[in-house]
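Take a look at the structure below.
Fair warning: this is a prediction, and the values are worked out from it, not measured in the lab. Letters A, B, ... are given to chains in the order of the sequence lines, protein chains preceding strands, and every chain is numbered from 1.
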2 protein chains.
Amino acid sequence: MAQNDPATLDSVAARAGVSRQTVSNVLRHPTRVADATRDRVLDAIRESGYRPSLPARQLATRRAHAIAVRAERQQDGISGLVLDAFYHGLAEAGQHNGLRVLLYPQPEDEAAEVATIDELVHTGAADAVVLTATSADDERPAHLRDNGTTFCAFGRPWGHDDAPHDWVDVDGAVGTSLAVRHLLDSGRRSIAYLGWPGDGAEPSTGSDRRRGWLEVVGHAALGAPVEAHSLNDAAAAQAAVAELLGRPDAPDAIVCASDTLALGAHRAALAAAGAGAPVTVVGFDATPVAAALGLASVAQPIDQVAHLCIDLLTGRFETPDRPARGLLVPPVLRLPS
Amino acid sequence: MAQNDPATLDSVAARAGVSRQTVSNVLRHPTRVADATRDRVLDAIRESGYRPSLPARQLATRRAHAIAVRAERQQDGISGLVLDAFYHGLAEAGQHNGLRVLLYPQPEDEAAEVATIDELVHTGAADAVVLTATSADDERPAHLRDNGTTFCAFGRPWGHDDAPHDWVDVDGAVGTSLAVRHLLDSGRRSIAYLGWPGDGAEPSTGSDRRRGWLEVVGHAALGAPVEAHSLNDAAAAQAAVAELLGRPDAPDAIVCASDTLALGAHRAALAAAGAGAPVTVVGFDATPVAAALGLASVAQPIDQVAHLCIDLLTGRFETPDRPARGLLVPPVLRLPS
DNA sequence: CTCAAATGTTTGAGCGCTCAAACCGTAACG
DNA sequence: CGTTACGGTTTGAGCGCTCAAACATTTGAG
């Protein structure tokens, strides 16, 4: 099948009795080539086991046909899973679009990361970047914009609604509102929220998730909304919820901003199981932990997010000047099986 | 700083008043260049903001300076974390060695995966592959060997001890033996094992972990070893352990082959807490779940594994014919904080 | 029957780098 | 004082591809 030396455009051309460029056209612009010629060339390609050389193409087109994404340093924890799925989604969607996915190790800080990305882009290793874990005080988007680097963020430009860059995010408010509705439907009357510190104030992932809860709970008019806050740590969450359950207005359900918090809440609920009615806990991220504990949890459609990121990027490659676009996708509530 | 057009070897050379090749030498073979010249060239590089073009280098050297690794499709679960850490480790170790890490989406089956890898390598996108999740009946190593593809596996060639390829793995037996010793030290007398079905027979990750337990337990001569088996599912594990704890020879500690199993065991132990002494559970993989539940768990030194994989690969790039090498690294027991 | 417009194919140049070989001084040696 | 040797530098060629322009053919209109 394959020759001794790997086949090239020229060797295939010779074999098919056409010119180099015609072979190239068969591959990249099939319509430009006459049917008979194309078949002949395709045969020659098959017989010789030809594979186009990526580096050569990159050199000629000045496109890397690759995007870069950060390989997160050791995660805090439970939602690490989500990133795994995101990587897979990117790789898959990228493959469909002729984009390879490059991993770069998370640098010390944001400045170093911008430098890393700059390096990647300017050496021609990648055409663009997908930014993950964006936050309100994130300096990366602005720097990348200044650099003229193409990128798409997974995560809204919190607090910078005018930020002229592409992004995709999951609608956390919809997620928590789904959770509350589900709990109302199953007869819960007093639904508390367990979030992170500072959830109320600045726009953030946390405040977004809290808002969804508050809207539905407020709408249902079930008395004053009850909430607690804790760092994203199961033990801390457990303590916070234990306190909550000791109060006179103890809730009969808790919507949590993460599965880590949900785990803590679940343990507190178990501990308090003796006294009072059972408390239902709903998590966020639908990690295996929630599944294992038999908790409902809000599932982010990570795969969809990844595909949309790729869509936005490929779109921008084609039309560099089109206005920035932000896409908000709804999560779903995953019930315990 | 940077010019309008990106700087090239030639533009830098012109600026420094030397030839193209001298600039190249400054970068790749600094010793070949006279000190004065080198300084002049380095200045020119700095002033022009020159970045070497990766594609051009790849084309000329026929090396991609990249390795590929599979982006796992949705994980069963809890140990997804481990992969995240592995990706980061690879990216980091790769960066130190001038290797970029490429992600390819997990294909349908092993045959398709081999084809994908073949594609990656023959188009010059990657020089080598890191194989993950190897098992006894894995066809990938043999195929890759036949293809002449350079690779390194994370995972032993179970049942193919003669397999002439590079690999790195974590010594599971050492892990479980550490767990047992720790339990003995803390006064446990009857230490059971919770593994996966078929752990006893063929060489596998499971049988390896079981062996470590059996050796130490047998050595301590504490009566007939007790064990249970279950699919890697928390609910199934819970049922299996519940049964175990109901027996007359119920253990006072359980070493598990995974954190998923440990989660199940933990829940069964909690449920049985009323009757008899408390049961201590030890997991495997040191996922956040184990940490959250307050369980000790065996931690795989994933970062080290990743670095060793890169070491083996870079070594092989330099000496393609050196004999295959297998590296076994010991895990550590991570106690609950 | 001529000329222009399609259609299909080839040619030339160049992307930015590295390799190998050639080159050029100068120092060391006989 | 010629010859060799050597550190330092340049030259030529080529990696495998794509672009734009040039070149043949064929076709259809006038």
Side-chain angles (χ1 to χ4, degrees), chain A residues 2-42 44-45 48-66 98 121-125 127 317, chain B residues 2-42 44-45 48-66 98 121-125 127 317:
Chain A
Q3 295 288 78
N4 293 338
D5 300 322
T8 71
L9 226 39
D10 278 301
S11 78
V12 173
R15 179 179 217 119
V18 297
S19 76
R20 183 178 15 108
Q21 181 65 29
T22 297
V23 180
S24 173
N25 284 337
V26 168
L27 261 23
R28 310 280 165 220
H29 308 278
T31 56
R32 290 190 193 161
V33 181
D35 290 7
T37 314
R38 182 175 16 190
D39 290 346
R40 204 146 39 89
V41 170
L42 286 176
I45 288 178
S48 59
Y50 168 73
R51 312 292 189 105
S53 156
L54 225 70
R57 195 150 97 90
Q58 292 179 198
L59 183 56
T61 59
R62 299 144 155 294
R63 291 253 280 115
H65 299 279
V121 169
H122 284 97
T123 57
D127 298 316
F317 289 149
Chain B
Q3 295 288 78
N4 292 337
D5 300 322
T8 71
L9 228 36
D10 277 302
S11 78
V12 173
R15 179 180 217 118
V18 296
S19 77
R20 181 178 15 106
Q21 180 65 29
T22 296
V23 180
S24 173
N25 284 338
V26 168
L27 261 23
R28 309 281 167 220
H29 308 278
T31 58
R32 289 190 193 161
V33 181
D35 290 6
T37 315
R38 181 174 32 218
D39 290 345
R40 202 145 40 87
V41 170
L42 285 175
I45 288 178
S48 59
Y50 168 73
R51 312 293 189 105
S53 157
L54 224 70
R57 195 149 96 89
Q58 292 178 200
L59 183 56
T61 59
R62 298 141 157 295
R63 291 252 282 115
H65 299 279
V121 169
H122 283 97
T123 56
D127 298 316
F317 290 149

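- Side-chain atoms of B:R38 come within 3.5 Å of backbone atoms of B:P30 as a donor-acceptor pair (strictly under, hydrogens ignored).
- Remark: P of D:dT9 and CG of B:D10 are 17 Å apart, rounded to the nearest angstrom.
- Taking atom CD of A:Q58 as the reference point, atom C1' of C:dG14 lies 17 Å away to the nearest angstrom.
- The shortest side-chain heavy-atom distance between A:V33 and A:V18 does not fall under the 4.5 Å cut-off.
- The side-chain heavy atoms of B:R15 and B:S48, taken from C-beta on, include a pair separated by under 4.5 Å.
- Under a 3.5 Å cut-off, the side chain of B:T61 and the backbone N or O of B:R57 do form a donor-acceptor pair.
- Protein atom CZ of B:R51 is 13 Å distant from nucleotide atom P of C:dC17, rounded to whole Å.
- The A:T8 side chain lies nearest to D:dG16 when the options are D:dT18, D:dG16, C:dC17.
- At whole-Å resolution of the value, CG in A:L9 and C1' in C:dG14 are 15 Å apart.
- Looking only at distances, a side-chain donor or acceptor of A:R40 sits under 3.5 Å from a matching main-chain atom of A:A16.
- Rounding to whole angstrom units, OH of residue A:Y50 and P of D:dG16 are separated by 10 Å.
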Under 3.5 Å, which N/O atoms of the protein pair with N/O atoms of nucleotides 8-12 of chain C?
| from | atom 1 | to | atom 2 | distance (Å) |
| --- | --- | --- | --- | --- |
| C:dT9 | OP1 | A:T37 | OG1 | 2.3 |
| C:dT9 | OP2 | A:A34 | N | 2.9 |
| C:dT10 | OP2 | A:S19 | N | 2.8 |
| C:dT10 | OP2 | A:S19 | OG | 2.9 |
| C:dT10 | OP2 | A:T22 | OG1 | 2.6 |
| C:dG12 | O6 | A:R20 | NH1 | 3.0 |

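- B:P55 comes within contact range of no nucleotide atom at all, as no heavy-atom separation falls under 4.0 Å.
- For A:R62 and D:dC17, the CZ to P distance is 18 Å, given to the nearest whole Å.
- The interatomic distance linking B:D5 (CG) with C:dG14 (P) rounds to 15 Å, in whole Å.
- For the pair B:D10 (side chain) and B:R20 (backbone), a donor-acceptor distance under 3.5 Å is absent.
- Mapping A:S24 and B:A56 onto DNA chain D by nearest heavy atom places B:A56 at the nucleotide closer to the 5' end.
- For the side chain to side chain contact (heavy atoms under 4.5 Å, CB included) test with B:T37, the passing option among B:L42, B:T22, B:N25 is B:T22; the others fail.
- Distance A:L59 CG to C:dC15 C1': 4 Å, rounded to the nearest Å.
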